[in-house]
Amino acid sequence: MERKWTDEQLAVIGHRGGNLLVSAAAGSGKTAVLIERIMGRILDDTSPINIDELLVVTFTRDAAREMKERIGSAIAEKLEAEVNNDPDSQLARRLMKQSALLSEANMSTIDSFCKKVVMENFKEAEIDPAVRTMDDTEGVIIRKKVIEDLLEEEYERKDDDFINFVEYFARGKSDKVIEELILQLYRFSESLPDKESWFDKELTKQEEAFAGSDFEKILLEFCMEMLIELRREAESFVSLSLSPYGPSQYEEAGSSDVALFNTLLQADSFGKLISLAEEVSFGRLSTKKAPDVDEEKKELAKNIRDAYKESFNKLREDFLSESVEDIEKSKLVTARVIRELIRLTRAFDEAYAAEKKKRNVVDISDWAHFALKVLTDCEGRPTEAAKVYSEQFAEIMIDEYQDSNLLQESILTSIAREDGGKSNIFMVGDVKQSIYKFRQAKPELFIEKYNRYSEGKNERRIDLHNNFRSGGEVIGSVNAVFEKTMIEPLGGIVYDEAARLVKGRADKEEDALNLTEVLLYDKDSEIPKELLKLSDIELEAHLVARRIKALITEKKDEGKPLKFSDIAILLRTNVEWAESFRRVLISEGVPAVCESSTGYFSAWEV
């Protein structure tokens, strides 16, 4: 049965010429669309390309392998049908050629592609072609040795800035915190296209005064957002006080609080806000007796006011308790230790690079830097080698684009056909699923293009909203949650009509009895004494076990028997959670199995 594509999917499959950004929501058939687009490119009636003229960059090796297998299956299926029809046809010959070229197709992770570029240009990369990529364990050991040697040398030098840095960050006699800070900044620098320029810029940067600085602007904006929220809470306190059977005697104090927050929101500088915050004093609630007051409403009103008063006092203590002069001094102290951290990170980077060169080994992240060295000159312009790759690849396809970083962006744009209106980058992803910022991913790259690209030809954006994986109950619940929580200040995008999931499945009608439930434990009142010793994970597992047993009973009573094997539990991570859940479920009489295969050195943090 031939697959039925949506109009948006067909637009992605058929787009030719110019950069294309596809915002593909969860379950939108992204991989199937990618396969169909690739098949369309190699079998195009007017300007077909060979499979080895595509560069397809995936996020994982498994994804690359699956992509190649699925394309191979699609080619084989079409070839079999065509051979049965006309074995000597032009289409049959073309399909046979693509099948033969598939083993040479450039479908890989960005790291694998970079390694290929470096090995093909090892002289330009100034690297020994016999160099070896370290495994995780070896890398951990070498980094540990290099950083310990570096710190030992620094202790012997007894430089004032270093001693000040140690006193600022060290905990007891251990250097563990210092080592981790250096390694964190090192990992960040590895994601930059030109880390040397970044080091130079940060180490020579002149400190600006606090007043009028970006730092002051950020602090002021943050405090204003908090105050707006506190004013909203005060207004709800007033509304509750004036509601039927509400504690009307509290209205005066609430209105005074609203006026107080309004005064704070008039501050046009951080210094002015500090001065105003010092004078804040909340009035006492009236002790007058009002007739027909609902005691529950009265207690709720008190709780609301106590909460926003406590929040304001914490805001004042954390951010508004120092004078601008004291902030200036603190800023200079912080700038000094941060500059020393950057200097130490650069020293570690240089020492680590020297040690790797001596051993003739590289980190997996080194391939990208060597590749950029091959593909761009000192001013960031494409080299002759980059032009060769640019001529080779008719299209560059980037999967999971929301998880790209600046270094990867620089590499792939260096080999793209950006001149003369021949742009040829195809990017697909979903910024709502970006979870790798801790690995230096830059979802801002996706967001910038998402906002800039239009329906034009040279830079076009197509949104795939339809979710074919989930039922309407799940999709409705997801939309309800993210409409409230995904806002631009938090995630860079607004969960609006353009971002909402749309039900794509038409294979079954919705069951009105299928409802989304939220199971919550009130840890302060609902936990039986015998469960107090359980961890939070085990408590959650106990709650789930209790609900499963209830479902089994409910369905049995309704004459719709439910088996334990009909139920699946999805966890955010297998580590620790899966085994804890399995153990608790079994102890509660719910048979359960889980698959978990993790190793210590497979963890990214190690």
Note to self: Parallel, tilted or perpendicular: which one describes the rings of Tyr401 and Phe446, with boundaries at 30° and 60°?
What the structure shows: tilted
Note to self: Quick test of your reading of the model: are Lys205 and Glu202 salt-bridged, counting only N-O distances below 4.0 Å?
What the structure shows: yes
Next item on the list: Enter the distance from Asp161:CG to Leu344:CG here, rounded to the nearest 0.5 Å.
Entry: 9.5 Å
Next item on the list: Establish, from distance only, whether the side-chain atoms of Ser255 and Glu251 form a donor-acceptor pair under 3.5 Å.
Entry: yes
Checklist line | Results of side chain to side chain contact (heavy atoms under 4.5 Å, CB included) for Val333 - residues two or more places apart only | finding: Tyr168
Notebook entry, point to check: So how far is it from Asp294 CG to Ser243 OG, rounded to the nearest 0.5 Å?
Noted result: 8.5 Å
Item checked: Crowding at CG, Asp160 (>12 non-hydrogen neighbours, <6.0 Å) -> no
Which pairs of donor and acceptor atoms, one on a side chain in residues 302-311, lie under 3.5 Å apart (sequence neighbours left out)?
residue, atom, partner, partner atom, Å
Asn303, ND2, Glu299, O, 3.3
Arg305, NE, Asp257, OD2, 2.8
Arg305, NH1, Gly283, O, 3.1
Arg305, NH2, Asp257, OD1, 3.2
Arg305, NH2, Asp257, OD2, 3.2
Arg305, NH2, Gly283, O, 2.8
Tyr308, OH, Asp257, OD2, 2.5
Ser311, OG, Ala307, O, 3.0

Margin query: Around atom CZ of Phe564, are there more than 12 heavy atoms from other residues, nucleotides or ligands closer than 6.0 Å?
Written below: yes
Check: Quick one: OG on Ser535 to CD on Glu576, what's the gap to the nearest 0.5 Å?
Finding: 7.0 Å
Next item on the list: Could you give me the CA-CA distance, side-chain angles and deciding distance for Arg460 and Asn19, then say whether side-chain hydrogen bond (donor to acceptor under 3.5 Å, both in side chains) is met?
Entry: CA-CA 6 Å; Arg460 186 180 179 188; Asn19 292 343; over 6 Å; no
Check: Going by distance alone, is a donor N or O of one side chain under 3.5 Å from an acceptor N or O of the other, for Asn479 and Tyr495?
Finding: yes
Check: Hey, what's the ring geometry for Phe222 with Phe319, parallel, tilted or perpendicular (30° and 60° as the breaks)?
Finding: tilted
Next item on the list: Search all heavy atoms of Val428 against all heavy atoms of Gln402 and return the closest pair with its distance.
Entry: O-OE1, 4.5 Å
Notebook entry, point to check: Between Ser365 and Glu190, is any side-chain donor less than 3.5 angstrom from a side-chain acceptor?
Noted result: yes
Checklist line | Check: Glu322 and Ile274 side chains under 4.5 Å, non-hydrogen atoms | finding: no
